[in-house]
2 protein chains.
Amino acid sequence: MTGRRQDLGASFARLTRAMIDAETPILAARGVGMWEYVVLSALEDGAAPTQAELAATVRRDKTRLIPILDALEGRGLLSRTPDPADRRNRVVALTEPGRAVLAACRAGVRAMEDEFLAAVPAAERRIFTTVLEQLADRTSR
Amino acid sequence: MTGRRQDLGASFARLTRAMIDAETPILAARGVGMWEYVVLSALEDGAAPTQAELAATVRRDKTRLIPILDALEGRGLLSRTPDPADRRNRVVALTEPGRAVLAACRAGVRAMEDEFLAAVPAAERRIFTTVLEQLADRTSR
DNA sequence: GATAATCGTATGCATGTGCTTACTATCTGC
DNA sequence: GCAGATAGTAAGCACATGCATACGATTATC
């Protein structure tokens with residue numbers, strides 16, 4: 001890898017900023033903030049058994065997560081249900097409207113991503129995204 | 001790209017955090033903070049003609065850049081020289097000791113990166129890093 | 001039953017960041 | 001020569017974030 005010029009960290013950071021800048025208006029057009037989108041996404045595959053666990057998943061301080069959840073629940077996009085097995089806990093889950101909003105956001109984000117990657121040949125694109133996801137999955141959250 | 005699960009932005013953000021977490025102790029062992037490293041790196045290929053331009057390059061508020069530059073200059077790692085062509089400006093350049101410290105940091109970062117990518121087959125790794133750099137270079141700073 | 005631990009909630013505090021303001025010194029254009 | 005603009009510098013302000021504290025409700029352990 002002696003030919004590599006830029007640090008991985010610098011490239012990732014730069015692309016993160018670019019993605020955030022690109023995603024923000026897409027989400028805003030659907031009435032969703034970035035943290036809200038992150039939370040909705042985290043619930044896509046299934047409910048979080050506790051708010052604390054959701055906070056850890058999205059790496060957002062549990063106390064600062066409250067207003068985000070308040071807002072989303074207030075809009076009917078997610079529900080917080082006391083867990084009968086342990087009433088200290090509240091199970092957090094997407095509602096149908098929440099799923100619909102998330103799907104709309106996701107569609108916009110996907111379109112943006114596809115456009116962003118359009119200049120990369122298909123075979124390389126496939127390798128890039130596969131390796132990217134593998135690397136990301138290997139990092140602790 | 002219908003098979004892709006995770007948002008690019010989420011993967012990039014996650015990897016950025018992982019890189020920061022991995023780099024921080026590497027830099028600290030060489031007495032360098034992350035912002036300091038970013039600044040040193042930005043000067044690697046040549047001096048910045050003004051501090052303002054350096055600030056834009058590293059995306060750091062020019063007013064907040066001052067203490068960083070003060071610290072680095074105080075350690076003799078960079079110089080700030082009034083530009084005779086326009087004495088409002090100060091040309092910022094690495095010193096030889098600065099280059100040495102940067103090289104040491106870079107070596108540590110490279111070793112970490114190589115280890116991080118070790119599980120990726122060489123051919124895929126090459127494609128991944130090439131595409132990554134191309135994508136990063138295409139984003140506005 | 002009493003104590004300790006945990007969850008969700010609200011809030012305080014310290015730190016980092018971006019933007020703004022203000023200043024001195026310098027430069028540019030008229 | 002003068003007004004306006006710019007560079008570097010210091011500091012204020014608002015906001016975001018992480019961590020800590022405290023509380024009521026609930027659970028687990030002894």
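Every chain is numbered from 1, with letters handed out A, B, ... down the list of sequences. Both backbone and side-chain heavy atoms feed into the values below; hydrogens, waters and symmetry mates do not.
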Worksheet item: If you look only at pairs with a residue in residues 87-101 of chain A, which of them pass as a salt bridge (Lys or Arg N to Asp or Glu O under 4.0 Å), with sequence neighbours excluded?
Response: A/Asp86-A/Arg88
Show me the donor-acceptor pairs within less than 3.5 Å that the side chains of residues 33-40 of chain A make with the rest of the protein, sequence neighbours left out.
{"unit_1": "A/Glu36", "atom_1": "OE1", "unit_2": "A/Gly33", "atom_2": "N", "d": "2.8"}
{"unit_1": "A/Tyr37", "atom_1": "OH", "unit_2": "A/Arg106", "atom_2": "NE", "d": "3.0"}
{"unit_1": "A/Tyr37", "atom_1": "OH", "unit_2": "B/Asp7", "atom_2": "OD2", "d": "2.5"}

Worksheet item: Are A/Leu15 and B/Leu8 close enough, and set up right, to give a side-chain contact (heavy atoms from CB on, under 4.5 Å), and what steps lead you there?
Response: CA-CA 9 Å; A/Leu15 287 163; B/Leu8 285 186; over 6 Å; no
Discussion item. What verdict does the side-chain contact (heavy atoms from CB on, under 4.5 Å) test give for A/Leu54 and A/Leu69, after you've listed the backbone C-alpha separation in whole Å, the side-chain angles of each residue and the deciding distance to 0.1 Å?
Written reply: CA-CA 10 Å; A/Leu54 177 60; A/Leu69 294 178; 3.8 Å; yes
Response to the item:
Sorted by chain and residue number, the side chain to side chain donor-acceptor pair (under 3.5 Å) partners of A/Thr50 (sequence neighbours excluded) come out as none
Worksheet item: Taking the six-membered ring of B/Phe12 as reference, does the NZ or CZ atom of A/Arg17 fall below 6.0 Å from its centre and within a 45° cone about the axis?
Response: no
Worksheet item: Which two nucleotides bound the region of DNA chain D that has atoms under 4.0 Å from heavy atoms of chain B, read 5' to 3'?
Response: D/dA5 to D/dC13
Worksheet entry | B/Asp70 and B/Arg80, any side-chain heavy atoms less than 4.5 Å apart | yes
Response to the item:
Expected string for nucleotides 18-30 of chain C under the B/S/- scheme (protein heavy atoms, under 4.0 Å, primed atoms plus P, OP1, OP2 as sugar-phosphate) is BBB-----BS---
Could I get a table of every N or O pair under 3.5 Å where one atom is in the protein and the other is in nucleotides 2-4 of chain C?
none

Discussion item. Quiz question: by atom type and distance under 3.5 Å, do the side chains of B/Thr16 and A/Thr16 form a donor-acceptor pair?
Written reply: yes
Item to complete: Please assess A/Glu133 against A/Arg138 for the test salt bridge (charged side-chain N to carboxylate O under 4.0 Å, His left out), listing each intermediate value before the final yes or no.
Response: CA-CA 8 Å; A/Glu133 199 150 342; A/Arg138 274 184 25 214; over 6 Å; no
